[in-house]
Amino acid sequence: MSAERTLVSDVGSILKVALPTPLQQIFDYRWQKKSVGITPSVGARVKVPFGRSTRIGVIVEVCQKSEVSAQRLKNVLEILDPGPLLDSEHLRILNWASDYYHHPLGEVIAATLPAWLRRGRPASLPMPRHLRLTDTGRRVDVTSLRQAPKQAAAISRLAACKEGSSRSELNLAGEAWGHTLRRLKEKGWIEEVDVELTSPSRQKTTPPCRQAPELEHSQRRVIEDISNDVDRFHPYLLHGVTGSGKTEVYLALIEQVLARGKQALVLIPEIGLTPQTVERFRTRFDVTVSVIHSGLSERERAGAWLMARDGRAKVVIGTRSAILVPLHSPGIFIVDEEHDTSYKQQDGFRYSARDLAVVRAREAQVPVVLGSATPSLDSLYNVEGGRYRQLGLPTRAGGAREPAIRVLDVRGRPFNAGLSSEVLDALEENLARKEQSLLFLNRRGYAPVLMCHQCGWVADCDRCDAHLVVHRARHRLKCHHCGHDRLLPSKCPDCEAKVSPRGVGTQRIAEVLADRFPQARIARLDRDSTRRKGELEAVLADIQSQRIDILVGTQMLAKGHHFPNLTFVSVLDADGGLFGADFRATERMAQLIVQVAGRAGRSERPGHVLIQTHHPDHPLLHELLEHGYPAFAAAALAERRAAGLPPYANIALLRAESTSLDQCFEFLNDARECTKMNGHGEVSILGPVSAPMERRAGRFRVQLLVLSHGRSVLQRFLKSWIEGVNRLKSARRVRWSIDVDPQDMI
Ligand code: ADP
Ligand code: ZN
Ligand code: ZN
């Protein structure tokens with residue numbers, strides 16, 4: 001750093017600007033009154049020269065002094081916001097996150113800003129085009145559209161709001177509706193208009209206020225407990241069995257928050273954010289509900305973000321990234337299915353949305369509710385330590401009973417493509433009763449392996465340490481890790497003998513079932529069957545309206561869906577998570593089993609569940625199935641404690657990736673040497689070792705694990721260590737990253 005200092009007098013100031021660059025650094029720029037009209041404020045965006053181009057950043061400090069010499073100091077090109085776009089509370093949270101996750105503040109800020117604002121577009125302007133009925137459209141008799149149900153649906157939704165609304169607010173976004181809307185426009189029944197979001201005459205999109213059910217005693221108690229003390233920070237873990245009415249509890253709490261003029265932020269797992277869920281929030285309250293998800297257009301996203309920031313949106317619902325949205329007057333933070341792994345960002349800025357929700361609640365001094373039927377061991381540990389308070393909903397709402405779970409020891413039994421005769425019998429009975437069944441298998445595709453019976457050849461990915469998965473319908477072999485995809489061979493490339501698929505995936509199950517039950521209506525729900533927009537919604541709607549008898553799917557099924565007529569569930573392979581390389585594998589498996597089983601019997605008809613396993617005596621599986629999730633969690637926590645693993649320890653991973661394995665090891669060995677110079681006896685370093693999947697997409701992956709018994713000890717260590725790692729020569733030859741509280745060891 002230069003010893004020279006630049007002092008700027010009353011003709012201007014120094015602006016410290018956070019820019020989206022990988023450098024852990026804030027940049028100084030000069031601002032001169034005469035050159036740029038607007039007065040700079042902390043939290044406003046600026047356009048600045050950077051290298052040979054320009055960038056947009058956010059002012060984090062306005063001062064008079066700089067360590068940069070006057071000659072090297074560049075001028076701000078433009079101040080984009082007349083006032084702060086981000087207030088000081090939000091900047092404090094982003095600063096905290098940047099420190100804690102050791103990620104540059106400029107990139108953290110960029111992650112919170114919608115692309116629209118990141119690109120420097122005005123913060124006051126997003127005027128989304130709204131759809132509304134024309135006068136002719138208003139006179140259309142919907143019942144005459146029986147042949148065109150989608151047109152009828154669109155017309156009824158539009159009829160509910162005079163002023164019109166955006167496509168996504170009307171649930172008319174996406175390709176699935178594009179054709180319908182074009183037809184309606186051609187008929188002259190609908191039109192698109194510019195609507196200023198701030199317009200006070202803006203109407204609700206749906207008829208408001210569907211009544212809440214009469215709450216059960218246990219629901220009321222939970223609500224009272226939380227609403228007793230709403231002006232202070234309190235983290236709650238709401239452990240409610242599946243179907244216990246957690247969402248009703250959230251709704252009641254939000255109602256109180258709204259009555260006090262404050263906002264609520266609700267996080268939902270990626271796959272759980274369905275129109276069904278959003279509808280439940282929209283129809284309950286007479287306020288603007290902003291939904292933030294990846295399907296929004298840039299404009300819509302910016303609009304939703306600004307409405308949340310200005311306090312016009314009273315309820316904000318969204319997936320992981322919604323936790324980064326600023327709020328005007330937060331009153332409560334709610335994280336539904338808090339155990340869900342989609343809350344952890346797996347690349348770039350690797351934050352945990354669940355943990356940030358707690359940080360934001362603390363900053364705002366309001367309650368935060370983490371809800372789940374299968375709480376994470378992390379949160380249970382926080383309950384154990386007195387940091388979170390646990391509240392419970394021990395029974396299902398509305399008189400529904402929890403399903404009876406039976407373990408099926410499938411060792412040595414006849415198996416038809418992964419289906420035991422008990423499961424087939426249960427399916428047959430359920431079909432006869434006209435009730436729905438669900439089969440869960442966490443493996444998409446037709447078969448996980450293609451093999452030659454003559455010579456033992458197996459189809460592997462050239463770029464990953466993984467087998468290629470057979471996708472028979474499309475005649476493809478696909479790598480589920482790097483996306484590599486090629487034609488399905490009919491002969492072994494080594495010996496020319498016939499090759500055959502081994503093992504089962506969801507496609508094969510669906511095929512076997514179609515063969516066995518030709519009259520049954522079978523649907524598949526996995527990433528392959530729902531890749532296109534609207535497909536997931538379509539399948540979910542088919543299940544709701546009982547156009548499907550048997551549903552086969554992956555973990556997409558586990559996420560909070562409510563299928564009233566579903567009475568039989570089978571987990572086809574409970575063994576997948578028992579011997580995984582990741583120490584969290586059993587926790588994940590237990591959560592999946594309970595969540596999937598929880599889809600059964602959620603209404604009047606009782607449900608039953610069959611779990612197929614080759615390891616009925618596995619102690620943790622036994623604990624789960626005999627004594628339930630709390631007993632499992634206690635046993636699993638005891639194991640973690642004995643092994644000194646999280647949550648009883650805090651960990652961070654330094655990951656390296658390169659096309660050269662040696663360079664990865666060289667860098668991580670150097671990084672390990674660095675730890676000695678830092679002289680911290682309080683952390684243990686493990687590795688470097690190859691990641692469980694050593695090669696992925698053509699790159700080798702090696703990691704170094706840092707483990708400590710105190711969060712602050714680990715933080716202090718990481719801070720000085722990463723500075724050292726940054727200076728290593730070998731660091732320039734690999735792609736490296738630090739992951740604090742990693743959720744996946746792969
Ligand atoms: P969870 O979020 O715990 O899975 P939900 O809130 O979705 O549970 O409730 C499950 C079902 O029970 C829903 O159909 C909901 O409408 C219904 N329900 C919730 N609370 C009550 C209640 N107090 N009385 C009757 N039905 C209820
Ligand atoms: Zn062969
Ligand atoms: Zn691959």
Side-chain angles (χ1 to χ4, degrees), residues 210-223 238-254 266 268-269 272 274 276-277 279-281 283-284 334-338 369-375 391-402 450-469 476-486 489-500 544 558-566 594-604 693-699 701 746:
R210 190 183 293 165
Q211 282 291 304
E214 176 95 30
L215 293 177
E216 314 249 343
H217 178 65
S218 55
Q219 286 171 316
R220 281 205 307 273
R221 230 189 31 220
V222 167
I223 293 161
L238 175 58
H239 181 188
V241 299
T242 53
S244 59
K246 290 185 289 297
T247 311
E248 286 303 330
V249 168
Y250 306 151
L251 290 167
L253 290 170
I254 292 171
V266 184
I268 289 191
T274 60
Q276 253 184 67
T277 315
E279 207 58 20
R280 260 177 101 176
F281 286 83
T283 52
R284 188 62 64 82
I334 293 170
V335 184
D336 190 30
E337 311 288 359
E338 62 88 29
V369 181
L370 311 180
S372 176
T374 52
L391 301 172
L393 295 173
T395 53
R396 285 194 159 179
R401 268 175 298 145
E402 274 191 84
L450 184 72
M451 196 174 169
C452 169
H453 191 55
Q454 283 302 316
C455 74
W457 170 87
V458 170
D460 284 329
C461 179
D462 297 335
R463 309 172 66 222
C464 306
D465 292 326
H467 300 316
L468 292 172
V469 177
R476 310 295 296 176
L477 277 174
K478 286 188 190 173
C479 175
H480 286 187
H481 302 283
C482 70
H484 170 80
D485 168 357
R486 67 169 190 250
S490 54
K491 286 184 298 191
C492 171
D494 289 352
C495 75
E496 305 222 321
K498 204 169 160 286
V499 288
S500 54
Q544 295 293 335
K559 314 267 159 117
H561 302 299
H562 186 65
F563 306 136
N565 196 41
L566 182 74
V594 173
Q595 294 285 348
V596 173
R599 298 310 112 205
R602 285 169 64 106
S603 290
E604 304 84 52
M693 183 182 293
E694 188 182 70
R695 210 163 54 100
R696 183 162 170 173
R699 303 179 77 86
R701 308 151 76 234
I746 51 164

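FYI, the numbering just counts along the sequence from 1. Order of appearance sets the numbers: ligands from 1, and atoms from 1 within every ligand.
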### Message
Contact between ligand 1 and S244 is defined here as a heavy atom of the residue under 4.0 Å from a ligand atom; is it met?
### Response
yes
#### Entry: Heavy atom of R280, distance to ligand 1 below 4.0 Å
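Yes, R280 has heavy atoms under 4.0 Å from ligand 1.
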### Query
Roughly, to 10 degrees, what angle do C495 atom SG and C492 atom SG form around the Zn ion (ligand 2)?
110°
#### Entry: Heavy-atom closest contact (M693 atom, A466 atom, distance)
CE-CB, 4.3 Å
Any chance you could measure [X], atom [atom1], to [Y], atom [atom2], to the nearest 0.5 Å?
X: E496; Y: Q454; atom1: CD; atom2: CD; value: 12.0 Å
X: H484; Y: C464; atom1: NE2; atom2: SG; value: 9.0 Å
X: D485; Y: R476; atom1: CG; atom2: CZ; value: 4.0 Å
X: S372; Y: L238; atom1: OG; atom2: CG; value: 9.0 Å

#### Entry: Donor-acceptor pair between Q595 and T242 side chains, under 3.5 angstrom
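Looking only at side-chain atoms, T242 and Q595 do not form any donor-acceptor pair under 3.5 Å.
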### Message
Are any of the N/O atoms on P213, whether in the backbone or the side chain, positioned under 3.5 angstrom from an N/O atom of ligand 1?
### Response
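Looking only at distances, the answer is no, because the N/O contact criterion of under 3.5 Å is not met.
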### Task
State whether R220 and E248 are salt-bridged, where the test is any N-O pair (Lys NZ or Arg NE/NH1/NH2 against Asp/Glu carboxylate O) under 4.0 Å.
no
### Query
Using 4.0 Å as the upper bound for N to carboxylate O, is an ion pair formed by E216 and R221?
no
### Task
Using a 4.0 Å heavy-atom threshold (strictly under), name the region of Q219 that reaches ligand 1: side chain, backbone, both or neither.
side chain
### Query
Heavy atom under 4.0 Å from ligand 1: found in H217's side chain, backbone, both, or neither?
neither
Show which atoms of ligand 1 fall inside a sub-4.0 Å distance from at least one heavy-atom site of [X].
X: E248; answer: 6 (O), 19 (C), 20 (N)
X: G245; answer: 1 (P), 3 (O), 5 (P), 6 (O), 8 (O), 9 (O), 19 (C)
X: L215; answer: 23 (N)
X: G398; answer: 25 (C), 26 (N)

Do any N/O/S atoms of [X] come under 2.8 Å of the Zn ion (ligand 3)?
X: H480; result: no
X: H484; result: no
X: C464; result: yes

#### Entry: Candidate with minimal heavy-atom separation from atom 3 (O) of ligand 1, of K246, E214, R396
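The nearest heavy atom belongs to K246.
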### Query
With respect to atom 18 (N) of ligand 1, which of A397, G598, P564 exhibits the smallest heavy-atom separation?
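Of the listed residues, A397 has the closest heavy atom.
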### Task
Would you check if the Zn ion (ligand 2) lies under 2.8 Å from any N, O or S atom of H453?
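Coordinating: no.
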### Task
Could you walk me through whether R701 and E694 pass the side-chain contact (heavy atoms from CB on, under 4.5 Å) test, one step at a time?
CA-CA 5 Å; R701 308 151 76 234; E694 188 182 70; over 6 Å; no
### Task
For D465 and R695, indicate whether the former's side chain and the latter's backbone hold a donor-acceptor pair under 3.5 Å.
yes
